[in-house]
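We name chains A, B, ... by the order of the sequence lines, and we start the count at 1 in each one.
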There are 2 protein chains.
Amino acid sequence: MIKVLVVDDDQDLRDNLVEVLGDNGFSPSSAENGEAALEKLQADKFDLVLLDSVMPGMDGMETLPLIKRNHPKTRIIMLTAFSTVNSAVEAMRSGADDYITKPFKIDELLVAVRRCLEEAKFGICEELLNSDDMFKCLANATRRKVLMLLYQENKLRFMDMTRQLKIDDHTKVNFHLKILKEAHLIEQDGRKNYQLSPQGKKIVTCMSSIAAD
Amino acid sequence: MIKVLVVDDDQDLRDNLVEVLGDNGFSPSSAENGEAALEKLQADKFDLVLLDSVMPGMDGMETLPLIKRNHPKTRIIMLTAFSTVNSAVEAMRSGADDYITKPFKIDELLVAVRRCLEEAKFGICEELLNSDDMFKCLANATRRKVLMLLYQENKLRFMDMTRQLKIDDHTKVNFHLKILKEAHLIEQDGRKNYQLSPQGKKIVTCMSSIAAD
DNA sequence: AACAATTGAGAATTTTTCTTCACAGAGAAA
DNA sequence: TTTCTCTGTGAAGAAAAATTCTCAATTGTT
């Protein structure tokens, strides 16, 4: 379910948008200013934010960079009054994915929303294609075993690892460790202990959700 | 953070357990009966449920199979009065991972909790190792491109796909499609349209979260 | 029939993986 | 100190696997 956050101080507009978005298969929430929006974004993960540029309290132009910084994958569409189109351009520069001038027709908005999300879809795929090393790495059962060992044990030294893996030729283990290191899935601390890198950890947990049920 | 849900009608016990679990690095919530528990499980994802077998309203024995069905990866430890040990055995059969007889020492519980989660960790790894075909599949850039295309376009026929991929040798595409089919990441409908399998979809979305930020 | 779409089989090629050899440091034992 | 064993790392060729390419067959459309 695609989650959209509507941020606008006008309650009528907010309610209206939430209803329309709901009818169109999205899962909408709303907030009436920047602070509230940031809180909601903290608590939950949204795919898209519709952000009014002018609001009492923290306004959209202020909020925009904060959202982008903490939630880089979240898409943002600015809602700007016609008179402030110039600032819309500025908004695009600081990370908005699109903008719409008020007043707008609801269809206009939906089109922008859908286009925006389509582009995001494409972005995902780009990333998917560029992480070749990682996937090559994961293709080998021995290497996956290493990852899982490190996931369970946190830290291990070279020889302990080869013993646990029950591989008698230690140079073979070394071969795979080198590949894992080059793909940045594991790292070594000062005392030569091997451990999962942050990236590596992400992968292990992510994998588990794939293999599930 | 490991999330644990305590389900018991005794408020004192509930509060006590929540406190202890919190002190021991878990992230606990509580519910006072089966219905409430199911709601919480719906809203949020828990790693482990401590489930009292005897409660007013929907009791633990009733709740157990419902939890297991909708959240198969969530581990469950039953809390049973000594007098109902027999039903504990039954509980194990319907999917509980362990049980503890009341009254219990808090350490006893923590041991069971930790063991249970350790086993879960191991389970993840098992799955990771057994899905070899899938990883082999993902190791190839062309095949990942196919997945992403199908993710974007939903359905595609053979020749349209080869054109979009800009691969002039169609037999090459065919080769990879066969492999994807064998790994059950894509499927074909009656009109020979290729599309992502449920498994395939899961992978694409999961991958995107790895590549993130 | 004519033509495009779709699939398969196997040889040729490229990548990965395995194996063997070589080397260096650390600490224990003689 | 010297010798020995265990640890940790690198590199190159052989073996195995994956990928590409070539030829061919089958199916569906116009």
Side-chain angles (χ1 to χ4, degrees), chain A residues 128-150 153-197 200 203, chain B residues 128-150 153-197 200 203:
Chain A
L128 239 175
L129 296 184
N130 292 333
S131 33
D132 204 70
D133 290 350
M134 195 191 78
F135 287 107
K136 289 264 168 68
C137 231
L138 257 24
N140 181 280
T142 307
R143 289 196 288 264
R144 289 203 302 281
K145 242 181 244 179
V146 170
L147 290 180
M148 110 176 185
L149 247 184
L150 289 174
E153 309 269 347
N154 275 326
K155 288 193 178 198
L156 276 178
R157 358 192 54 226
F158 181 72
M159 270 303 171
D160 294 329
M161 190 128 53
T162 74
R163 271 185 287 268
Q164 290 218 39
L165 291 169
K166 288 174 191 160
I167 295 176
D168 39 3
D169 180 1
H170 64 284
T171 70
K172 182 173 160 186
V173 177
N174 186 227
F175 169 79
H176 291 292
L177 285 179
K178 210 197 295 183
I179 294 177
L180 282 163
K181 253 190 290 182
E182 280 162 10
H184 303 290
L185 299 188
I186 65 175
E187 8 175 78
Q188 266 179 304
D189 66 9
R191 267 173 297 292
K192 300 201 173 181
N193 286 305
Y194 286 91
Q195 56 189 308
L196 288 181
S197 71
I203 284 172
Chain B
L128 238 174
L129 296 184
N130 292 333
S131 33
D132 203 72
D133 291 350
M134 195 191 76
F135 287 108
K136 289 261 169 69
C137 230
L138 257 25
N140 181 282
T142 307
R143 289 196 289 264
R144 288 203 304 278
K145 244 181 242 176
V146 169
L147 290 181
M148 109 178 184
L149 247 185
L150 289 174
E153 309 269 346
N154 274 327
K155 288 194 178 200
L156 275 178
R157 359 196 47 224
F158 181 72
M159 269 304 170
D160 294 330
M161 190 129 53
T162 75
R163 271 186 287 267
Q164 289 218 39
L165 291 169
K166 288 175 190 157
I167 295 175
D168 39 2
D169 181 1
H170 62 282
T171 72
K172 181 171 159 186
V173 177
N174 190 55
F175 170 82
H176 289 292
L177 285 179
K178 210 197 295 184
I179 293 177
L180 282 163
K181 253 191 291 182
E182 280 162 9
H184 304 290
L185 298 188
I186 66 175
E187 10 177 75
Q188 267 179 303
D189 66 10
R191 266 173 297 291
K192 301 202 172 182
N193 285 305
Y194 286 92
Q195 56 190 305
L196 288 181
S197 71
I203 286 171

### Message
Would you say B/R157 places a side-chain N or O within less than 4.0 Å of OP1 or OP2 belonging to C/dA5?
### Response
no

### Message
Please pick, from D/dT20, D/dT9, C/dT7, the nucleotide with the shortest atom-to-atom distance to any side-chain atom of B/H176.
### Response
D/dT20

### Message
Rounded to whole Å, please give me the gap between CD in A/Q164 and C1' in D/dT7.
### Response
16 Å

### Task
Nearest whole angstrom, please: distance from the C1' of C/dT7 to the NZ of B/K181.
8 Å

### Message
Between A/K172 and C/dC18, is there a contact of a side-chain N or O with OP1 or OP2 at under 4.0 Å?
### Response
yes

### Message
Is the shortest side-chain heavy-atom distance between B/I203 and B/M134 below 4.5 Å?
### Response
yes

### Query
Should A/K178 be listed as having a side-chain N or O under 4.0 Å from OP1 or OP2 of D/dT9?
no

### Task
Determine the contact category for B/R191: base if any of its heavy atoms lies under 4.0 Å from a base atom, sugar-phosphate if only primed atoms, P, OP1 or OP2 are that close, otherwise nothing.
nothing

### Query
Does B/I186 reach the side chain of B/L147, with side-chain heavy atoms less than 4.5 Å apart?
yes

### Query
Is the distance from OP1 or OP2 of C/dT16 to the nearest side-chain N or O of A/N140 less than 4.0 Å?
no

### Task
Identify, between B/F158 and B/F175, the residue whose nearest nucleotide on DNA chain C lies closer to the 5' end.
B/F158

### Query
What's the closest nucleotide to the A/M159 side chain, out of C/dT6, D/dT7, D/dC23?
D/dT7

### Query
So which nucleotide from C/dT20, C/dT7, D/dG10 ends up closest to the side chain of A/D169?
C/dT20

### Summary
Rounded to the nearest 0.5 angstrom, the CD-CG distance for A/Q195 and A/L156 is 10.5 Å

### Summary
The nucleotide from D/dC21, C/dT20, C/dT7 with an atom nearest the side chain of A/T171 is C/dT20

### Query
Parallel under 30°, tilted from 30 to 60°, perpendicular over 60°: which one fits the rings of B/F158 and B/Y194?
tilted

### Position toward the 5' end of DNA chain C (nearest nucleotide), B/N174 or A/T142
B/N174

### Message
Output the rounded distance in Å from NE2 (B/H170) to P (D/dA24).
### Response
14 Å

### Task
May I ask you to evaluate whether B/Y194 reaches the phosphate of C/dA5, defined as a side-chain N or O under 4.0 Å from OP1 or OP2?
no

## Note on the structure
Considering only heavy side-chain atoms of A/K192, the closest of C/dG8, D/dA18, D/dG8 is D/dG8

## Note on the structure
dist B/K181:NZ -> B/H176:NE2 (nearest 0.5 Å) comes out at 14.0 Å

### Query
For the pair made of CD1 in B/I179 and P in C/dA9, what is the distance, rounded to whole Å?
14 Å

### Query
Just how far, in rounded Å, is C1' of C/dT17 from CD of A/E182?
15 Å

## Note on the structure
When rounded to the nearest 0.5 Å, the distance separating CZ of A/R144 from CG of A/L180 is 11.5 Å

### Query
Does a side-chain N or O from B/R143 land closer than 4.0 Å to OP1 or OP2 of D/dA18, or not?
no

### Query
Please give, in whole Å, the distance from C/dT17 C1' to A/L177 CG?
15 Å

### Message
Please report the distance, rounded to the nearest Å, between NZ in B/K136 and P in C/dT16.
### Response
13 Å

### Query
Can you check the A/D168 CG to C/dT20 P distance for me, whole Å?
10 Å

